[in-house]
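Read the structure below first, then the notes.
Naming convention: chains lettered A, B, ... in sequence-line order (proteins, then strands); numbering from 1 in each chain. These figures come from a predicted structure and were not determined experimentally.
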Amino acid sequence: MSTRVRFAPSPTGFLHIGGARTALFNWLFARHTGGKFILRIEDTDTARNTQAAVDVILRGLHWLGIDWDEGPLTSDATGPDKGDRGPYYQSQRRQRYDERVQALLSHGLAYEHEGAIKFQMQREPVVIHDLVVGEVKRDLTDREAQDPDFVIVRSDGQPVFHLTNVVDDLDMGITHVIRGEDHLSNTAKHVCLFKAFGVQPPKYAHIPLILNPDGTKMSKRDVGATIQTYIDDGFVPEAVVNYLCLLGWSPKNNREILPISEIIELFDLPQVLRHNARFDMEKLKWMNFEYVRTMSDDRFHELAVHTFAKAGLDTNQYPLDYVKKAIDTCKGKIKLFNELPGYAGFYFTEAVTYDPEAAKKDFVPENQPRLQKLRDAFAQVKDFNYAALEAALKNTAGELGVKAGVLVHPARLATTGKTSGPSLYHLLEVLGKDRVLARLDRALQRAS
RNA sequence: GACCCCAUGGUCUAGCGGUUAGGACACCACCCUUUCACGGUGGUAGCCCGGGUUCGAUUCCCGGUGGGGUCGCCA
């Protein structure tokens with residue numbers, strides 16, 4: 001039998017990193033087993049479920065590269081979808097729930113209570129066979145022992161999560177429920193519901209949670225908790241996905257960075273860890289850097305242009321060749337794309353502002369004649385390439401009897417406004433003689 | 001409070017009765033270097049505690065401690 005798994009988020013207005021990882025593990029399992037990955041929107045709740053909130057989820061999954069075989073095509077609950085087990089919005093499945101509740105009622109497995117409908121829960125401990133955790137015997141808590149039965153339809157007629165979740169999994173033929181460990185306690189309820197409907201429950205796999213660095217539960221307010229953060233901060237989706245895979249799972253053999261195709265091949269449920277993992281932004285950034293420095297020049301260029309544009313720097317105003325060479329000097333230097341405007345924005349604006357601390361240190365009277373000599377040397381360079389520029393600078397330093405660094409720092413500050421950045425000689429070559437001389441002249445005035 | 005899950009350096013992990021306990025991030029030192037990085041070399045740092053089982057436990061069992069989760073007419 002072919003596997004069928006689903007990711008069933010509630011549109012809360014953000015895609016939580018834990019949810020994304022759950023989606024990812026489901027997706028990996030489906031791809032690994034050659035089964036189907038289904039997206040179902042659990043929007044039974046309140047008015048907080050807006051189309052915009054669904055869009056956030058759809059966009060987040062798209063960005064991560066997680067595609068679904070069945071599910072909605074748009075954020076419109078009544079809009080088009082793919083798959084023959086729809087609709088995939090719970091708000092459109094009300095009739096199914098009503099039918100199932102009637103069945104329970106008529107079999108005496110549920111009953112009305114103060115206008116709501118409650119399910120007759122079994123009193124004995126429920127045994128769950130979990131693919132990750134193992135066999136779990138779930139006993140009633142003291143609170144539940146008071147009244148083990150739980151509401152499946154609210155008094156206003158709205159079916160409740162436990163009911164809709166189970167009915168949908170049943171109707172959609174879900175074979176494996178892969179979800180966060182925070183659902184493990186709920187699973188006892190769900191297993192009993194399946195039994196009441198006279199069917200075998202799906203197989204369960206409760207995966208560990210992603211915690212904050214301090215070990216507390218990650219809420220939407222915490223750093224890195226929502227996928228939008230990564231989109232906004234200039235992360236590469238493959239890096240985020242790769243990192244997420246390593247939280248609660250390992251490819252073994254001391255391997256960490258590996259293509260998704262290989263992860264799909266290696267991934268399986270029994271190897272998922274049981275303990276929670278803490279989120280480490282530093283490691284994610286390192287991994288992102290690994291992806292950024294090894295990606296193709298074309299992709300780097302495309303993402304870079306987009307990032308500059310976001311920061312208000314229009315690279316289209318410059319010759320394509322200039323833009324390309326400028327961006328090339330940044331490859332392998334930045335960890336996140338959002339560092340780019342600060343790192344290399346000087347290529348795309350004539351309004352260079354000097355780092356005040358550095359200016360105080362480098363633009364001093366003592367450096368004025370040195371910079372002047374360097375400027376004159378650069379003016380003599382006919383073929384304005386990095387090798388010639390390096391030779392010119394070093395030669396000047398030699399004549400001045402100073403180390404290269406004495407010229408390098410002021411020159412960098414004069415042309416970029418920064419104390420660090422791409423290779424100086426390469427950046428000068430890209431900037432070109434006119435710009436370099438002009439910027440040097442401006443700095444010369446400042447230094448005098 | 002009750003119920004459930006979990007436990008290898010600061011963090012992510014490999015390990016599945018006998019290992020100098022391996023890798024990665026981070027950190028420190030040195031080298032390289034025009035800046036910042038990259039890279040290279042070396043280094044600090046770990047099996048939560050207590051009982052068992054065993055010739056021998058990081059590894060198996062029990063208890064404790066610690067962490068997390070769940071006990072809604074939220075999902």
Problem set entry | Protein-nucleotide distance (A:H16, atom NE2; B:rG69, atom C1'), rounded to Å | 14 Å

Exercise. Reckon A:E256 touches a base, only the sugar-phosphate, or nothing at all at heavy-atom distances under 4.0 Å?
Worked result: base

Exercise. If you look at every strand shown and take non-hydrogen atoms under 4.0 Å, does A:K333 touch a base, only sugar-phosphate, or nothing?
Worked result: base

For this session: Check the distance between B:rC71's P and A:F161's CZ and give it to me in whole angstrom.
Result: 10 Å

Exercise. If you look at every strand shown and take non-hydrogen atoms under 4.0 Å, does A:K118 touch a base, only sugar-phosphate, or nothing?
Worked result: nothing

For this session: Classify the nucleic acid contact of A:S423 as base, sugar-phosphate or nothing, counting any heavy atom under 4.0 Å across all strands shown.
Result: base

For this session: Identify whether any heavy atom of A:S155 sits under 4.0 Å from a base atom; if not, whether one sits that close to sugar-phosphate; answer base, sugar-phosphate or nothing.
Result: base

For this session: Check the distance between B:rU13's P and A:M287's CE and give it to me in whole angstrom.
Result: 12 Å

Exercise. Whole Å only: how far is the CG atom of A:D214 from the C1' atom of B:rU11?
Worked result: 12 Å

Exercise. For the pair made of NZ in A:K217 and C1' in B:rC6, what is the distance, rounded to whole Å?
Worked result: 16 Å

Problem set entry | Rounded interatomic separation in angstrom, taking NZ from A:K331 and C1' from B:rG39 | 17 Å

For this session: May I ask you to decide whether A:K137 forms a salt bridge with A:E135, counting only side-chain N to carboxylate O separations under 4.0 Å?
Result: no

For this session: Classify the nucleic acid contact of A:K418 as base, sugar-phosphate or nothing, counting any heavy atom under 4.0 Å across all strands shown.
Result: nothing

Exercise. When all nucleic acid strands are considered with a 4.0 Å heavy-atom cut-off, which category describes A:L284: base, sugar-phosphate, or nothing?
Worked result: nothing

For this session: Please work out if A:N165 contacts a base, only the sugar-phosphate, or nothing of the nucleic acid, heavy-atom cut-off 4.0 Å.
Result: nothing

Problem set entry | Charged N-O contact under 4.0 Å between A:R138 and A:E144 | yes

Exercise. Should A:K373 and A:E399 count as an ion pair when the cut-off is N to O under 4.0 Å?
Worked result: yes

Problem set entry | Test of ring centre spacing under 6.0 Å for A:W27 and A:F7 | no

Problem set entry | Interatomic distance where CG belongs to A:L266 and P belongs to B:rU13 [whole Å] | 16 Å

Exercise. If you look at every strand shown and take non-hydrogen atoms under 4.0 Å, does A:A277 touch a base, only sugar-phosphate, or nothing?
Worked result: sugar-phosphate

Problem set entry | Note: A:D441-A:R375 ion pair, threshold 4.0 Å (strictly below) | yes

For this session: Just call it for A:F279: base, sugar-phosphate, or nothing, with non-hydrogen atoms closer than 4.0 Å on any strand.
Result: nothing

Problem set entry | Distance in angstrom units between A:L273 CG and B:rG15 P, rounded | 9 Å

